[in-house]
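Count residues from 1 along the sequence.
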Amino acid sequence: MTQDNRNPGPSPFDSPNPHRLYRNPRNGYVAGVCAGIADYFGIQPFLIRLAMVVGVFVFSVPVLIAYVIAALALPSRPERLYRSQEDEEFWRTVTIKPDRSLAGLAQRFRDVEKRIVGLEAYVASKEYELNRAFRDLEKR
């Protein structure tokens, strides 16, 4: 049996974060580069387009070359990039403000730990044994 090396599968270094820089041709005018940059940073595409126009007047050749390279190099944005609105907000926060998302996850873990401690205390208490005895009496 030979192993197919053409498609080795996902790399262990691949990130599960779908929030990447894409072209967004559905919301763009030429190739969707400005719309994709605006979508990545979470700002209005008008601001990126305005910066692009100003850049073309000030540095016309480098800006146009960078635009063409970005249009050729950036993949097009997939139709369903995120599973839900909550998923999109989470991954945007991870990308743009990782310290805030880390603090949010730490708070969630603290809340879960408090619940587990409370559950352990209840299960190890005499009250749990008494409630279980009452349930057993009700079943009879």
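Using a 4.5 Å cut-off between side-chain heavy atoms of Ile, Leu, Val, Met, Phe, Trp and Tyr, with links allowed through other members, Leu130 and Leu137 fall into the same hydrophobic cluster.
Rounded to the nearest 0.5 Å, atoms CG (Leu119) and OH (Tyr128) are 9.0 Å apart. Note that CG of Asp136 is 9.5 Å distant from CD of Glu138, once rounded to the nearest 0.5 Å. With values rounded to the nearest 0.5 angstrom, Phe109 atom CZ is found 10.0 Å from Ile116 atom CD1. Of the inter-residue distances, the one linking Ile43 atom CD1 with Ile37 atom CD1 reads 9.0 Å to the nearest 0.5 angstrom.
Evaluation of the side chain to side chain donor-acceptor pair (under 3.5 Å) test over residues 111-126, restricted to residues two or more places apart or in two chains, returns Gln107-Asp111, Tyr122-Asn131.
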Show me the donor-acceptor pairs within less than 3.5 Å that the side chains of residues 48-71 make with the rest of the protein, sequence neighbours left out.
{"residue": "Arg49", "atom": "NH2", "partner": "Asn27", "partner atom": "O", "Å": "2.8"}
{"residue": "Tyr67", "atom": "OH", "partner": "Ala31", "partner atom": "N", "Å": "3.3"}

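Put simply, the side chain of Arg23 never gets that close to the backbone of Pro75: no donor and acceptor are under 3.5 Å apart.
Taking the side chain as every heavy atom from C-beta outward, Cys34 and Pro45 never approach each other to under 4.5 Å.
At most 12 non-hydrogen atoms from other residues, nucleotides or ligands lie less than 6.0 angstrom from CZ of Arg108.
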